Amino acid sequence: MRGLMMDEPLTLAAILERASRYFPHIEIVSLRPDGTLSRIEYGALAKRVRRLARALQEAGLARGDRVATLMWNHSAHVETYFAAPLAGGIVHPLNLRLHPDEIAYISGHAEDRFLIVDDVLWPVYERFRDKTRFERVWVVPFSGMRTPPGAESYETLLAHSSEDFEFPEIDENDAAGMCFTSGTTGRSKGVVYSHRSLVLHSMAECMTDCLGISQSDTVLSLAPMFHVNSWGLPYTCPMAGAKLLLPGCGCSAEDLLDVMEEEGVTIACGVPTIWLGVLDALHKNPDGWKFRGPVRVLIGGAAPPQSLIRELDRFGLRVIHAWGMTETSPLATVGRLKESMREWKDDRKYETRSKQGYAVPLIRLRLMRPEGEAPWDDATPGELEVRGPWIAASYYNAPEAANRWSPDGWFRTGDIATIDPEGYVKILDRSKDMIKSGGEWISSVDLENALMAHPAVREAAVIAIPDEKWQERPLAVVVLRDGEHVEPAELEKFLSTRFAKWQIPDGFVFTKEIPRTSVGKFLKSQLREQYRDWHAPSESSKEE
Ligand code: ADP
């Protein structure tokens, strides 16, 4: 017998309608390029979404057509997030930080038909426009500039449309959005989210033991909207009725802290490098900011060093550590402590909180080794595989990457991890970043985290460099805090309390800045290239 329940499609319309009905006066606040804030309420936003959806259909948008965006994080971008899929199309945020040729490639591969672009990003568009064939291009007056010649105005498009528009019926499994992986480990691949996957992912983010986003929250969403939909928050916040704060083109750590204080942010989400900068600002001015209450800081995208979690705690910024990927929408695991851990000693709690956490509901994990599944013993590494209703089942038009899925349909993440008996995942490395030395694996992440706990160190990335005898050896690239000086020997000694001699980097090079990926992670491929010919001053230091 089949269940006798209504078969209501899980579509983005339900999220938007709920936000506008129950939370019409809750705001999306956007930081403009000139540093001022603009505000729109969910009620007004929903009307503009209808206008845009109607206008897109009138422009010829058909089922499944892609609407690309080249936009920063602000409310008009949220409008496109709802309008394109609710008109039956697909919203495709382009990663504006990629090389113009790469953006053109991605847009061509995705077969984007229309483009919505911020006025301030028009020069970026001009660098690849010859290689694309958008039928119409609309310009958003994000900074108040005039629409450039040859383009159409987004505001005029909306003004000539009407909010009298019924969303078409949509199958919950129809595509709603598309994001490309940021290409850290190879050519970008398209992930196509469905209405259903986005709705379920948002519900999961709202759960208390996940991000616990509710109508009482003010959420600062720092991940760019082209990076896994800003981690799903532009959908999750309206679903919950939470106020959403968007950082526009980005700003300094000090400006971020100002806006967090002024707007009463309760949860702020971003990659570790942002929080390393914020911590630096807090160290320089420890009494500079007073938050209205405890602030949750969601960190993901790369592993935050344990020292960062501890230090942010001291300033009333409580870190929630989560793991995910473009292919996982992204939320897959969250590192919250279980009730049974309440009485644990602080050190053990921090150790656990710096792991990536256990699977959120509906997501399943396993660790695979060539000989089969690895035990969850906190010691045996394997490749993390994942499955669930918001995990990609394939890439868009990339048959060459079909081997990223196991024959029984699990997604192979490429992350090497251990899992402890409580189910907490610890990512040791991406398989490509793992350092293979003399037949043993060295975790670059462990070394980086230990180095960043040194008081003189602001940032550290550890990479593999080729070695004739050992195949590969670790090299640490270190950025010191302003005014600090430290000798390599001291860092070596600092690490030697936690690591065996063969695991300690052969060298420590000091630099002003570690290159970043387009979404703010350490760009290790560039470092590997840069230091390929680096040679250790003394060979003897490697011998055990
Ligand atoms: P890209 O592959 O371009 O970096 P993604 O954001 O999809 O884009 O990257 C996902 C990868 O980021 C994961 O496979 C993992 O290696 C890394 N990652 C994400 N979150 C964490 C985390 N909390 N700790 C360690 N690594 C993480």
Side-chain angles (χ1 to χ4, degrees), residues 93 95 97-99 102 106 178-191 193 201 210-211 222-232 269-276 297-306 308-309 319-336 352-360 363 365 367 381 383-386 390-392 395 401 404 410-419 424-434 443-449 452 461-462 515-526:
N95 183 340
R97 292 213 180 95
L98 296 179
H99 189 276
E102 182 71 6
I106 287 174
M178 193 168 195
C179 279
F180 276 66
T181 60
S182 35
T184 310
T185 56
R187 190 124 221 198
S188 299
K189 303 218 174 34
V191 175
Y193 308 109
H201 178 261
C210 296
L211 309 188
L222 294 168
M225 288 175 70
F226 55 75
H227 185 218
V228 215
N229 293 330
S230 198
W231 302 359
C269 313
V271 291
T273 49
I274 289 181
W275 299 108
L276 289 167
V297 166
L298 175 72
I299 304 192
Q306 193 186 122
L308 178 67
I309 302 179
V319 172
I320 305 172
H321 182 192
W323 168 84
M325 310 176 70
T326 306
E327 294 88 336
T328 67
S329 296
L331 190 70
T333 71
V334 180
R336 283 181 182 271
T352 305
R353 283 178 57 200
S354 46
K355 291 182 177 176
Q356 281 70 19
Y358 56 97
V360 305
I363 296 298
L365 302 173
L367 269 188
E383 181 176 3
L384 190 61
E385 295 191 356
V386 56
W390 53 88
I391 310 298
Y395 291 119
R404 291 295 300 275
W410 291 68
F411 175 66
R412 296 177 165 141
T413 64
D415 283 350
I416 307 299
T418 55
I419 303 184
Y424 286 70
V425 171
K426 181 173 183 216
I427 306 279
L428 303 177
D429 255 319
R430 288 187 166 193
S431 46
K432 289 195 177 149
D433 292 335
M434 206 91 187
S443 162
S444 64
V445 174
D446 275 351
L447 285 167
E448 287 160 6
N449 290 349
M452 284 190 266
V462 177
R516 307 276 207 258
T517 70
S518 62
V519 297
K521 307 184 194 187
F522 293 154
L523 185 52
K524 292 195 186 176
S525 54
Q526 186 174 322

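Whatever order the structure lists them in is the order used to number ligands and atoms, beginning at 1. Model, not experiment: these values are computed from the prediction.
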Next on the checklist: Is it the case that ligand 1 has an N or O less than 3.5 angstrom from some N or O of Gly301?
Outcome noted: yes
Next on the checklist: Within ligand 1, which atoms have a heavy atom of Gly324 less than 4.0 Å away?
Outcome noted: 10 (C), 13 (C), 19 (C), 20 (N)
Item to check | Those atoms of ligand 1 less than 4.0 Å from some heavy atom in His321 | outcome: 22 (C), 23 (N), 24 (N)
Checklist entry - Below 3.5 angstrom, do we get any N/O pair linking Ala322 and ligand 1? => result yes
Checklist entry - Purely on distance, is any nitrogen or oxygen of Thr413 under 3.5 Å from one on ligand 1? => result no
Item to check | Region of Thr326 engaging ligand 1 - heavy atom pairs below 4.0 Å | outcome: both
Checklist entry - What do we get for Met325 next to ligand 1 when only non-hydrogen atoms under 4.0 Å count, side chain, backbone, both or neither? => result both
Checklist entry - Measuring from the heavy atoms of Gly414, does anything fall under 4.0 Å of ligand 1? => result no
Checklist entry - Any chance the side chains of Ser431 and Glu383 put a donor and an acceptor closer than 3.5 Å? => result no
Checklist entry - Should Ile416 and Leu384 count as side-chain neighbours, where that means a heavy-atom distance under 4.5 Å? => result no
Checklist outcome for this item: The atoms of ligand 1 lying under 4.0 Å from a heavy atom of Gln356, numbered in the order shown, are 22 (C), 23 (N), 24 (N), 25 (C)
Checklist entry - Can you find a pair of side-chain heavy atoms, one from Lys521 and one from Arg516, that are under 4.5 Å apart? => result no
Next on the checklist: Minimum heavy-atom separation for Phe226 and Cys179, please, with both atom names.
Outcome noted: O-SG, 4.1 Å
Next on the checklist: Which residues pass the salt bridge (charged side-chain N to carboxylate O under 4.0 Å, His left out) test with Glu448, not counting sequence neighbours?
Outcome noted: Lys524
Checklist entry - With only distance considered, is Ala303 within less than 3.5 Å of ligand 1 through an N or O on each side? => result yes
Checklist entry - Between the main-chain N or O of Leu331 and the side-chain N or O of Trp390, is there a donor-acceptor pair closer than 3.5 Å? => result yes
Checklist entry - Under the side chain to side chain donor-acceptor pair (under 3.5 Å) test, which residues partner Lys426, sequence neighbours left out? => result Asp446
Item to check | Ser518 and Asn95 side chains, donor-acceptor separation under 3.5 Å | outcome: yes
Checklist outcome for this item: Taking only non-hydrogen atoms of His227 and a 4.0 Å limit, the atoms of ligand 1 in range are 5 (P), 6 (O)
